[in-house]
Structure formats: structure tokens, C-alpha cells
Amino acid sequence: MIALRAIPFSFNILWQYIIVFPIMVCGLIGLTLLAFIVTFDIYILYARNGMGDFRGTFALIATSALFAILLSAIYSFPMLIGLRLGLTTRGHKPAVNFWKLILPAAGYGLLVGFATTLIAMIAAFFYLRSVSLSVNDIVVLLENATLDYVLTKVVTDIPMMVKLSTVSWLGFTAFYTALLVPLASVAIGRDPSGNPHTPLAGFGAGFVPLLELVIIVYLMSELSLPALESFAALIGQGDRLSGTLTIIDLMADEKIPFQWSRDIGIVLGLSLVFWLWTISLLSAGATLVYIDRFDKHKAERAEKMKVERLAPEEARALWKQRMPGHAPT
């Protein structure tokens, strides 16, 4: 089972990830700001003469979708870094330097962003059909929707919303799981076959064991906070943790000014390490599937070369058998 092999291996990736994390954060912040500037400029360019009408609303939706896609491209790098660390830890030397990863990484990130946006739009389409919104209702929703309007006109079929959200999550999870091995190939610059990376090569490889691992990571993410609260209560620190979490929530909602304390630092530090570990765990699983396929291709190549080397000897033996005394030397 990949999960049982991936868990111990993930800690080998994690400690290296912690070291490179500050550099990664600086890069992600810079790329995020660049994506924001680009999409904001596009929005201003197309909505300049129609800020209050449908054209302005459409420009806002289109540029928001573009920004989401660019963010998906940018934030594919944490997984690629984890995969690269995992593969180099197992002795696979990168075929390309890190800077040459930017273009293919952006391509895969854009693909993930496009798929996510498409899945969300399809789900929204079916939901809006289920609540029977008229064209005029949709125009009002796009142009000047208030919270009350959304609650009374849109959020009316909760069961359908839950079903579509679940199906959308499953669709995205399945798609991302199928991409993990190609992402590993991008990270190292080489497919499991040993050839330079071909886009989408290995798509869906190891799907079932990797999907199990993805679901495990999701469940751990959902249960991590309750587990931490239970542990804190067990050691008599439940109220202290609860107070710290409340302060963090209030700061996140901008209801109180930013403040810092040792307890806040501990909670945020634990959250950061846990997040890096989930990336390391997924990276470990994808790395192991990649290596299994690499070893399989390597064994097949060795067997093929062995056959090719034996072919002349077999030919001479056959010649001797058919023409005694006339075999070639």
C-alpha cells in the first residue's frame, strides 16, 4: 500500500522542505503580486467605459477567473518542490535546473486552474437551472446582487447545492490525483521511461493508491484541529488553545488589530508544519509511484538489451544445428 510506504518517507521530504520554505514564500508572494497587477490592468482596460453596466460586470468575472487560473499556476510550485525533493532524496538526479521548471509548471498549473474553474462553472450552471432563475434574475445577480438577494433567490435548494459541491470536489480530486505522476515527471524533467518529459505522460498512473492517499490527507486536514483541541484538553491547556484560536480568527476577520504572542506563534507554527507535511506526504506517494514505474521500465530495458545481446549467439547455434560444419565463426 502506497500510504504505508509514503508516511515514513514523507518526513525525509519534510525537513528539507522546512529549509527551503522561506525562499519559496518570497517567490510565491512576488508571483502573486505580478498576477494581481496583470489581471487588474486587464480589468481596468476592458471595463474603463462600462464600470456600472453588464460590460463592467463581465470584465470583473472574466478577470477574476483569470486571476484564479494564474494563482493555480503559481501555487502548483509547492507540490513540484516537494516532488523534486522526494525524487532527489531517492537518488534521481534532475534532468533540468529549477528555472526550466517554470514554463511546464505554469502550464500544469493553468490546466488545474482551468479544470477547477470549468468544474465550478458547470456546477453553477446546473444549480442555477435547478432553482429556475430567469435571465433577468441572472443579470441582476451579476450586476448588483445584495446578500439578501442571493439568500432569497439563489440559496434556496440546499440539498442540490450539497450534491453539486460534493460531485465537484470529487471531480477535482480525481483530476488532480491523475496529474500527480506527470507532475513528478515535470519536477525531475524526465518521464519514468527515462525520456525527456512529455506533457501528460503517465496521466492516471497509480490512480487508486494515490486517490486513497489524497483522501487520507483530506481527512487528516479536517480532523487535525479537533485532534489538537482534544490533546490540549487532555493536558489541561484546552482553554488556552481556545482563546488563542479565537484571537487568530478575529485577526483574520480584521475585527482586532494584529498582535503576536508565544501561543499564537506556536499555533501558527504547528499549522505551517502540518501543511508542509501534507504536501510532503502527497509528494512521497507520487514519488514512490514514479520510482516503481521507473524501475519497471528500467527492468524492461535491461531485459530487452539482454535479448539483443543473446540474439547473435542464438543465431549461431541455430546455424550449427541446421548446417553442421558450416557455422560462421
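M24 is listed as a side-chain neighbour of P78, based on a closest heavy-atom distance under 4.5 Å. Residues T116 and F175 form no side-chain contact, since every pair of their non-hydrogen atoms from C-beta on lies 4.5 Å or further apart. Looking at Y290 and L83, their side chains never come closer than 4.5 Å, going by heavy atoms from C-beta outward. Inter-residue side-chain proximity for L272 and L268 is flagged as unmet; no heavy-atom pair is nearer than 4.5 Å. Within the 4.5 Å cutoff, the side chain of P196 has no heavy atoms near those of the D191 side chain. At a threshold of 4.5 Å between non-hydrogen side-chain atoms, the residues L87 and I291 count as touching. Side chains of M251 and I264 form a contact here, defined as non-hydrogen atoms less than 4.5 Å apart. Within the 4.5 Å cutoff, side-chain heavy atoms of T287 are placed close to those of F9.
To the nearest 0.5 Å, atoms CD1 (I279) and CD1 (I13) are separated by 11.0 Å. One distance of note links CD1 of I235 with OG of S230; it measures 11.5 Å at 0.5 Å rounding. One finds the CG atom of L213 at 10.0 Å from the CG atom of L4 (value rounded to the nearest 0.5 Å). Between the CZ atom of F21 and the CG atom of L276 there is a distance of 5.5 Å, given to the nearest 0.5 Å. From L183, atom CG reaches atom CE of M79 across 7.5 Å, with rounding to the nearest 0.5 Å. For the atom pair CG of L225 and CG of L270, the computed distance is 11.5 Å after rounding to the nearest 0.5 Å.
Here the closest non-hydrogen pair linking A187 and R84 is O-NH1, 2.7 Å. Between F207 and T177, the closest heavy-atom pair is O-CG2, 3.7 Å. When all heavy atoms of A123 and S168 are compared, the pair lying nearest together is CB-OG, 3.3 Å. Between V186 and P104, the shortest heavy-atom contact is CG1-CB, 4.0 Å. Across every non-hydrogen atom of L210 and A205, the tightest pair is CD1-O, 3.7 Å. Nearest heavy atom pair, residue V289 against residue G206, reads CG1-CA, 4.0 Å.
Following chains of ILVMFWY side-chain contacts shorter than 4.5 Å, one can reach F258 starting from V267, so the two form part of one hydrophobic cluster. There is no path of hydrophobic side-chain contacts, each under 4.5 Å, that joins L211 to Y176. M220 and L228 are assigned to two separate hydrophobic clusters, defined by single-linkage of ILVMFWY side chains at heavy-atom distances under 4.5 Å. Residues W169 and V214 do not share a hydrophobic cluster, clusters being chains of Ile/Leu/Val/Met/Phe/Trp/Tyr side chains in contact below 4.5 Å. Hydrophobic clustering places L180 together with W275 (ILVMFWY residues linked when any side-chain heavy atoms are closer than 4.5 Å, directly or through intermediates).
Ring to ring, F11 and W277 are close: their centroids are under 6.0 angstrom apart.
The number of heavy-atom neighbours closer than 6.0 Å to CZ of F203, taken from other residues, nucleotides and ligands shown, is above 12. The 12-atom threshold is exceeded at CD1 of I19, counting heavy atoms of other residues, nucleotides or ligands nearer than 6.0 Å. Atom CZ of F274 sits in a crowded spot, with more than 12 heavy atoms from other residues, nucleotides or ligands closer than 6.0 Å.
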For K296 and D292, run side-chain contact (heavy atoms from CB on, under 4.5 Å): C-alpha distance rounded to whole Å, both residues' side-chain angles, the deciding distance at 0.1 Å, then the answer. CA-CA 6 Å; K296 181 181 178 180; D292 288 345; over 6 Å; no
Does the side-chain contact (heavy atoms from CB on, under 4.5 Å) test come out yes or no for K93 and I188, once each step is laid out? CA-CA 7 Å; K93 185 178 179 180; I188 205 71; over 6 Å; no
Audit row: T278, S221, side-chain contact (heavy atoms from CB on, under 4.5 Å) steps and yes/no: CA-CA 8 Å; T278 59; S221 299; 4.1 Å; yes
Apply side-chain contact (heavy atoms from CB on, under 4.5 Å) to L288 and R90, showing your working. CA-CA 9 Å; L288 292 172; R90 286 301 180 98; 3.8 Å; yes
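Listed for the R5 side chain is no donor-acceptor partner under 3.5 Å among the backbone atoms of A284. In terms of modelled atom types and a separation under 3.5 Å, the side chain of Y108 and the main chain of L200 share a donor-acceptor contact. The backbone N or O of P192 lies less than 3.5 Å from no partner atom in the side chain of R293, so there is not a single donor-acceptor pair. Here the side chain of W15 pairs a donor or acceptor atom with the backbone of N12 at under 3.5 angstrom.
Side chains of S193 and N195: a donor on one and an acceptor on the other come within 3.5 Å. Side-chain atoms of S242 and E229 form no donor-acceptor pair, as typed in the model, at a separation below 3.5 Å.
By the 30° and 60° cut-offs, the orientation of the rings of H92 relative to F294 is perpendicular.
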